[in-house]
Student: 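Provided herewith is a single structure, encoded as structure tokens, for subsequent inquiry.
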2 protein chains.
Amino acid sequence: MVPDAIPALKSHHPGKDILAETPAYDLIELFFFAYRDFVSDPDRILDEYGFGRAHHRVLHFVSRNPGLTIAELLDILRITKQSLNRVLKELIEKDFIESRMGTSDRRQRLLFATPQGRELALKLAKLQTRRIMRALSGMEPEAKDAVSRYLLSLIDPDSSAHVKHLVFGSEET
Amino acid sequence: MVPDAIPALKSHHPGKDILAETPAYDLIELFFFAYRDFVSDPDRILDEYGFGRAHHRVLHFVSRNPGLTIAELLDILRITKQSLNRVLKELIEKDFIESRMGTSDRRQRLLFATPQGRELALKLAKLQTRRIMRALSGMEPEAKDAVSRYLLSLIDPDSSAHVKHLVFGSEET
DNA sequence: ATTTTATGTCAGCCTTGTTGACATATCTCA
DNA sequence: TGAGATATGTCAACAAGGCTGACATAAAAT
């Protein structure tokens with residue numbers, strides 16, 4: 001059923017080339033399916049509020065990082081300010097996020113989730129946590145650490161320090 | 001910096017409730033960042049062909065499962081036939097995928113990647129494999145298995161048997 | 001005083017998802 | 001055989017969420 005998809009790797013040089021270049025189809029495809037289902041949980045709830053996945057991402061990171069600036073948020077999401085502005089404006093209008101003028105630099109906007117915003121963000125995070133916990137249950141305790149290190153290592157090395165700081169706070173390695 | 005986002009879980013009942021409901025922010029966020037970077041690799045190459053991520057997904061699963069039917073592909077991707085048809089038509093026109101009439105059931109269309117299609121699919125899979133191998137290097141051998149089992153368990157239980165069959169072939173457990 | 005920076009906004013476009021309606025060929029079953 | 005179910009294709013319209021380019025403003029930095 002599955003075709004010989006790696007003809008170029010059959011004959012030639014021995015050694016690690018073969019292993020290094022043999023596609024890791026299992027991890028590629030499992031990642032796709034896992035992500036597909038993982039992000040689908042919040043969708044139903046977001047619908048009730050008239051929000052989409054883009055709103056979820058913004059609300060999540062603002063709720064997790066009170067006082068986040070526009071520039072920092074753009075760097076996290078890797079989208080343009082025009083794209084961000086569209087969903088952010090809606091979140092502010094519907095009172096899920098509040099934007100205050102920066103104190104030290106008054107050009108900046110500091111973003112904060114409102115109580116309503118924090119509540120929704122928490123609700124969605126719990127939903128995803130339930131799925132994560134179900135997956136981790138029945139696995140050895142070291143498994144969670146392995147998964148965490150794997151995901152971190154998948155990230156672009158350029159960003160990994162930044163992500164580490166964002167996710168774990170000011171810890172090292 | 002990080003707010004007290006779980007006030008509702010502080011006082012009440014003892015026991016596992018607290019742990020079960022404390023958001024797993026680390027795994028939630030690492031999953032987001034890892035996926036963000038993981039899917040970005042192929043983008044540059046796809047651009048050269050005038051394709052997007054939707055084309056990539058279709059090409060990947062057809063290349064991996066020669067003879068796939070439209071219905072099976074729709075079930076994998078979880079999109080509507082109209083959405084699929086748009087990108088599939090382009091892949092066929094540009095000769096990356098071939099559609100043959102079913103033999104046993106002539107209403108069906110059996111999809112096959114052309115040599116050109118297989119080549120592109122392989123190129124993209126290798127690119128993602130390089131990132132995966134970089135992440136796995138430096139981890140214990142059991143780590144890969146832990147990651148694989150974790151991702152599989154994240155998937156909706158309804159789909160997990162189907163995914164298992166698709167990814168690993170006709171194996172059990 | 002000038003330039004740079006942080007943000008906002010308008011306009012238009014692209015990709016990729018959606019719904020609903022309808023057409024065709026083929027298979028299944030009574 | 002004939003009716004209905006099934007697999008696919010297609011048209012039209014729309015929505016979400018990306019993008020680019022251009023331009024505006026206020027505040028900081030030099």
Side-chain angles (χ1 to χ4, degrees), chain A residues 32 35-36 39-40 42-62 67-94 97-112, chain B residues 32 35-36 39-40 42-62 67-94 97-112:
Chain A
F32 165 75
Y35 196 80
R36 179 194 70 177
V39 298
S40 78
D43 284 352
R44 302 148 219 168
I45 292 171
L46 288 162
D47 254 13
E48 300 168 15
Y49 295 81
F51 292 145
R53 288 176 188 178
H55 301 86
H56 183 196
R57 291 193 284 270
V58 170
L59 179 60
H60 175 93
F61 285 107
V62 169
L68 205 62
T69 66
I70 299 289
E72 286 167 337
L73 193 44
L74 287 175
D75 189 50
I76 289 172
L77 301 174
R78 299 271 180 85
I79 58 178
T80 59
K81 63 177 177 177
Q82 295 90 332
S83 290
L84 171 59
N85 207 262
R86 185 163 40 206
V87 296
L88 183 55
K89 215 188 315 189
E90 289 168 5
L91 284 164
I92 291 173
E93 275 165 12
K94 294 190 183 175
I97 285 182
E98 188 185 349
S99 168
R100 303 184 202 150
M101 191 190 293
T103 48
S104 65
D105 185 337
R106 306 199 311 174
R107 288 171 303 180
Q108 293 182 326
R109 301 288 168 245
L110 307 185
L111 303 173
F112 298 87
Chain B
F32 164 75
Y35 196 79
R36 179 194 71 177
V39 298
S40 78
D43 284 352
R44 302 149 219 168
I45 291 173
L46 289 162
D47 254 14
E48 298 168 15
Y49 294 82
F51 292 144
R53 288 177 188 178
H55 300 87
H56 182 196
R57 291 193 284 269
V58 170
L59 179 61
H60 174 94
F61 285 107
V62 169
L68 205 63
T69 66
I70 301 288
E72 287 167 337
L73 193 45
L74 288 176
D75 189 51
I76 289 171
L77 301 174
R78 299 269 181 85
I79 58 176
T80 59
K81 63 176 176 179
Q82 294 91 331
S83 290
L84 171 58
N85 206 262
R86 186 163 38 206
V87 295
L88 182 55
K89 216 188 315 187
E90 290 169 4
L91 284 165
I92 291 173
E93 274 165 12
K94 294 191 182 173
I97 285 182
E98 188 186 349
S99 167
R100 302 182 202 151
M101 192 189 295
T103 48
S104 63
D105 186 335
R106 307 198 310 174
R107 289 171 302 180
Q108 294 182 327
R109 301 290 168 248
L110 307 186
L111 303 173
F112 298 87

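Scope of the values below: all heavy atoms of this structure, side chains included, with no hydrogens, waters or symmetry mates. All chains are named by letter (A, B, ...) in the order of the sequence lines, taking the proteins before the strands, and each is independently numbered beginning at 1.
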Student: Listed by chain and number, what are the side chain to side chain donor-acceptor pair (under 3.5 Å) partners of B:Arg107, not counting sequence neighbours?
Tutor: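 Expected list: B:Asp105.
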
Student: If you look only at pairs with a residue in residues 42-55 of chain A, which of them pass as a salt bridge (Lys or Arg N to Asp or Glu O under 4.0 Å), with sequence neighbours excluded?
Tutor: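 As it turns out, the salt bridge (Lys or Arg N to Asp or Glu O under 4.0 Å) pairs with a partner in residues 42-55 of chain A, which skip direct neighbours, are A:Asp41-A:Arg44, A:Asp43-A:Arg53.
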
Student: Near DNA chain C, which residues from residues 44-56 of chain A have a heavy atom under 4.0 Å away?
Tutor: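 Here the set is empty: none.
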
Student: Tell me which nucleotide among C:dT16, C:dC27, D:dC19 gets nearest to the side chain of B:Arg106.
Tutor: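 Among the listed nucleotides, the one closest to the side chain of B:Arg106 is C:dC27.
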
Student: Would you please confirm or rule out a distance under 4.0 Å between OP1 or OP2 of C:dT18 and any side-chain N or O of B:Thr80?
Tutor: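 For C:dT18, OP1 or OP2 has a side-chain N or O of B:Thr80 closer than 4.0 Å.
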
Student: Between B:Arg100 (side chain only) and B:Phe112 (backbone N and O only), is there a donor and an acceptor less than 3.5 Å apart?
Tutor: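 Checking the backbone N and O of B:Phe112 against the side chain of B:Arg100, no donor-acceptor pair under 3.5 Å is found.
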
Student: Excluding sequence neighbours, so at least two apart, what forms salt bridge (charged side-chain N to carboxylate O under 4.0 Å, His left out) with A:Arg86?
Tutor: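 Not a single residue meets the salt bridge (charged side-chain N to carboxylate O under 4.0 Å, His left out) criterion with A:Arg86.
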
Student: Could you state the atom-to-atom distance from CZ of B:Arg57 to C1' of C:dG17 in whole Å?
Tutor: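 Those two atoms, CZ and C1', are 10 Å apart.
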
Student: Tell me which of A:Thr103 and B:Arg86 sits closer to the 5' end of DNA chain D, going by the nucleotide each one is nearest to.
Tutor: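 Per heavy-atom nearest nucleotide, the more 5' residue is B:Arg86.
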
Student: Rounded to whole Å, how long is the line connecting atom CD1 of B:Ile76 with atom P of C:dG17?
Tutor: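 Spelled out: CD1 on B:Ile76 to P on C:dG17 is 14 Å.
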
Student: Test of understanding: with ring pair (Phe, Tyr, Trp, His ring centres under 6.0 Å), list the residues that count as partners of B:His56, not counting sequence neighbours.
Tutor: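 B:His56 satisfies ring pair (Phe, Tyr, Trp, His ring centres under 6.0 Å) with no residue once adjacent residues are dropped.
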
Student: Separation of B:Leu84 atom CG from D:dT8 atom C1', in whole Å?
Tutor: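 From B:Leu84 CG to D:dT8 C1': 11 Å.
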
Student: Between A:Arg78 (CZ) and D:dG18 (P), how many Å, whole number?
Tutor: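 About 14 Å, once rounded to whole Å.
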
Student: Could you tell me how far apart B:Met101 (CE) and C:dC27 (P) are, to the nearest whole angstrom?
Tutor: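 Atom CE in B:Met101 sits about 9 Å away from atom P in C:dC27.
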
Student: Applying side chain to side chain donor-acceptor pair (under 3.5 Å), name anything that partners B:Gln108, two or more places apart in sequence or on another chain.
Tutor: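 Counting only residues at least two positions away or on another chain, B:Gln108 forms no side chain to side chain donor-acceptor pair (under 3.5 Å).
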
Student: Among all residues two or more places apart in sequence or in another chain, which pass the salt bridge (charged side-chain N to carboxylate O under 4.0 Å, His left out) test with A:Arg78?
Tutor: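 Testing A:Arg78 for salt bridge (charged side-chain N to carboxylate O under 4.0 Å, His left out), a comparison that skips the adjacent residues, returns B:Asp37.
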
Student: Expressed as a whole number of angstroms, how long is the span from B:Leu91:CG to C:dT15:P?
Tutor: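 Distance check: B:Leu91 CG to C:dT15 P gives 13 Å.
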
Student: Quick one: A:Ile79 CD1 to D:dT20 P, roughly how many Å, whole number?
Tutor: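 Atom CD1 in A:Ile79 sits about 12 Å away from atom P in D:dT20.
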
Student: Polar pairs (N or O, both sides) under 3.5 Å between protein and nucleotides 6-10 of chain C?
Tutor:
{"residue": "C:dT7", "atom": "OP1", "partner": "A:Ile70", "partner atom": "N", "Å": "3.4"}
{"residue": "C:dT7", "atom": "OP1", "partner": "A:Arg109", "partner atom": "N", "Å": "3.4"}
{"residue": "C:dT7", "atom": "OP2", "partner": "A:Ala71", "partner atom": "N", "Å": "2.9"}
{"residue": "C:dT7", "atom": "O4", "partner": "A:Lys81", "partner atom": "NZ", "Å": "3.3"}
{"residue": "C:dG8", "atom": "OP2", "partner": "A:Asn85", "partner atom": "ND2", "Å": "3.4"}
{"residue": "C:dG8", "atom": "N7", "partner": "A:Lys81", "partner atom": "NZ", "Å": "3.3"}
{"residue": "C:dG8", "atom": "O6", "partner": "A:Lys81", "partner atom": "NZ", "Å": "2.3"}
{"residue": "C:dT9", "atom": "OP2", "partner": "A:Asn85", "partner atom": "OD1", "Å": "3.4"}

Student: Sequence neighbours excluded, which residues qualify as ring pair (Phe, Tyr, Trp, His ring centres under 6.0 Å) partners of A:Phe51?
Tutor: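 Ring pair (Phe, Tyr, Trp, His ring centres under 6.0 Å) list for A:Phe51, sorted by chain: A:His55, A:Phe96.
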
Student: Report the distance from atom CD1 of A:Ile79 to atom CG of A:Leu73, rounding to the nearest 0.5 Å.
Tutor: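 Nearest 0.5 Å value for the CD1-CG distance: 7.0 Å.
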
